[in-house]
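Heads up: the structure comes next, in structure tokens.
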Amino acid sequence: IIGGNIAPENTIPWQVLVSVNGGRGGGMVIADRWIMTAAHVVVQEGNSASNDTIRIYMGLTDVRTLTMSPVYAASVHIHPEYNNPRFIEYNNDIALIRLHDPITFRASVMPICLPAQDTYVTGMMGVVSGFGITEIDKRRILTNKLKYVHLPVVDQETCSKSVDLYKQGRSNVPNLTNNMFCAGVPEGGKDSCQGDSGSPYALSDNGQFRAAGIVSWGVDCGKQGTYGVYTKVANYVDWIEKTMQEN
Amino acid sequence: CWTLPDSGPLMHGEVQSPGYPQPYPPNLQEQWDLSVPEGYRIRLTFTHMDIEASAGCVYDSLTVLNNGKVLGKFCGSDNSADGHHPGNHPILSSGNRLTLIFQTDNNNPERHQNVGFSAHYQAIDIDECSAPEDASGPLCTQICLNTLGSYICSCRHGYELRSDQRSCVLSCGGGIFDEPEGFLFSPGYPNAPPYAVSCQYFISVEPGFTVSLNFSDNFHIESVDTQQGPSCLHHWLQVSIPDRDHIKLCGAKSPGLLVTNSNTVKLEYYTDDQGLSNGWSLDYTTQRMQCPFPGNVAKGRVTPMLTEYFYRDYIHVRCAQGYKLMMDGQELESFSTMCQSNGQWHLRLPECHIIDCGEPEPLLNGGVTFLSGFQNQYRSVIQYHCNEPFYSLLGGMNVSSTCESDRKWRSNHGDVVSPTCLPVCGRPTQHLSAYQR
């Protein structure tokens, strides 16, 4: 998280750390047996990571204590239309992890609500959190503390233009689709970053937080004129419920 | 009627002289022993007789004997002047046997060849009843009935034939009385019997019923005044009831109603050959055996509720709502008991115990609180709650339920309660503070 703050305990209780073969990603609790994350966090070389390589940590805000109590995946459910062999196709970047044992919720572990349809309004402030890269004294470092930053939803057209601008100067810039939305500030300095993938972008609805987005991709982190791109969870509510029911 | 044996004396037959109707040979000595069944005599009728006639039948003759006694010695023919011919008169034996002896001498007259005789005999019933009395007196002391081949004795009303089948004694009218009600009286009642009596009467009705004796007012059995008071010394009526002391009755005062509480009673009436007792009579009735009042059942109801219960009466016990039938630690689905023939209920009454609904189903991520009641018993009230603020009850309200009579925890709406705690999402207990502006 670039430009944010360290999250006090119990403020983002749905945040989980997903560790896959040493790689760090994020996720969020959505039910007592289910974790939602980005597909690219649990896909390795085009295939779902094996269950025993996926470790999930929850309930604390410090990675050093979090790692003492992993829970394991019983099964991983990648969205069937996710296909990202060259790491430039992040459409449908969503996955569900089913846990072996149900979680008992408490102050430090609580599910985040799923969103209602079409709740994205440009300018709405959401909270993105994660254990990913942060910036201290203009140096990027990987933090062990859970951080968060408030970011507004960016108009889809503005974001699209930003992406297109970068495509002119770079190759292999992913496409922005309607299953994605952007969040960030045009002046930069606040953003999610590597290691935050899969983490929640939460919008508050009368004091109740809903999982509006999943940290997916972006061009650079916190740079002026760039925005973070998030999987639009509202488009997948049916798939999520179906997958949970069938499993 | 009775069937005569196949072999034995014939009821009738014929006797003919040797060679009849050819002339009989000389020097004959032929004998026939005729017999018919006991109780009959023989009637012998000659159909033809042609035996050499002589005075005294000294040459040829037919002699008829009854028990060695000569009934007749015959010879000659219908037309002969000499001889002794029976004519058309039958000869009757006194008993059931008759002997005929036919004798001829060594020559026969040349002019006339005698052919002998032909006779028919048949059994004739003896009227024993009209037989003269012998030293032992009449055949029957009261009534004699002649039968074919025999006789039977009978007695006038109020008497019965003794085992000697000849003499009569005053009838006791005793025996076994097994009808539910009846009438008994002593011999000759209301008059005194002519001589001593010893009579027994058994009243025996179905188990489960009891006998009551109701003596008529006209009661008279001779008693003897002793120093200790009237005593049933020579005449008495003894009433025997199982498992109770005998009751000896006498005097001139009727015992009235005697409730025996037993289904069997023995009455023995005795008078010696002296004194005078006019006797007694009674009606007996039966009642169903009474069982004790079954009592009441706490928190239950006994039906039907009667003032008295008798043999074969059934009662049922039902518990009040919220209670169950229990006996010896076992729950009963239903209960009924019957008043038995021995006057006891075949099952004692059960108890009604309050039901309980058992432990309420545990609620995952929640709990149960007892609001009222005791040990999950009927009408206990519980309330389910979820571990807030992380879980909330489906429907969002506290659910209270009551232990109902069907042993289920039910809500106020009558539904079986099976609450679920749903996770609360998206509401952290601590909030990200952003006071700086």
Side-chain angles (χ1 to χ4, degrees), chain A residues 1 4-15 28-34 36 58-59 61 101-116 119 125-129 146-151 190 200-212 233 237 240 244, chain B residues 357-371 375-376 380-403 408-413 415-437:
Chain A
I1 297 294
N5 297 307
I6 293 172
E9 286 189 353
N10 305 337
T11 53
I12 311 173
W14 43 84
Q15 176 74 52
M28 67 201 88
V29 178
I30 59 169
D32 62 359
R33 281 184 186 270
W34 291 91
M36 185 164 69
M58 61 184 73
T61 55
D101 302 307
I103 308 162
T104 299
F105 298 131
R106 52 194 185 272
S108 60
V109 181
M110 176 184 278
I112 190 170
C113 308
L114 291 177
T119 54
M125 291 297 289
V127 181
V128 62
S129 53
L146 177 63
K147 295 190 71 179
Y148 71 96
V149 65
H150 284 95
L151 295 174
K190 291 182 177 180
Y201 176 85
L203 282 172
S204 175
D205 178 12
N206 289 326
Q208 186 174 46
F209 287 90
R210 294 180 181 277
V233 178
V237 172
I240 293 166
M244 287 167 59
Chain B
C357 290
E359 287 293 327
E361 285 292 318
L363 178 58
L364 182 63
N365 297 312
V368 182
T369 305
F370 273 88
L371 299 184
Q375 292 182 343
N376 305 318
S380 295
V381 181
I382 58 169
Q383 188 176 56
Y384 284 101
H385 64 271
C386 290
N387 296 336
E388 294 178 330
F390 311 108
Y391 294 90
S392 64
L393 273 171
L394 179 63
M397 296 176 66
N398 284 338
V399 175
S400 63
S401 57
T402 306
C403 178
K408 295 189 187 310
W409 293 101
R410 291 184 180 276
S411 72
N412 292 338
H413 306 297
D415 306 319
V416 174
V417 176
S418 54
T420 303
C421 286
L422 292 181
V424 173
C425 66
R427 293 189 184 276
T429 54
Q430 300 295 323
H431 297 283
L432 296 168
S433 55
Y435 300 111
Q436 186 175 320
R437 295 183 180 174

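On a predicted model such as this, the values are computed, not experimentally measured, just so you know.
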- [ ] Please state whether the side chain, the backbone, both or neither of V127(A) comes within less than 4.5 Å of a heavy atom of chain B.
- [x] side chain
Indicate every side-chain donor-acceptor pair of residues 416-430 of chain B with a distance under 3.5 Å to a residue at least two apart or in another chain.
none

Task: Side chain, backbone, both or neither of N10(A) within contact of chain B (heavy atoms, under 4.5 Å) - done: both
- [ ] To the nearest 0.5 angstrom, please state how far the CG atom of L432(B) sits from the CG atom of N5(A).
- [x] 8.5 Å
- [ ] Check each atom of I103(A) against the heavy atoms of chain B and say whether the ones under 4.5 Å are side chain, backbone, both or neither.
- [x] backbone
- [ ] Output the distance between atom CZ (F390(B)) and atom CE (M110(A)), rounded to the nearest 0.5 Å.
- [x] 5.5 Å
Open item on the list: Using modelled atom types and a 3.5 Å cut-off, is there a donor and acceptor pairing between side-chain atoms of Y391(B) and backbone atoms of F105(A)?
Closed with: yes
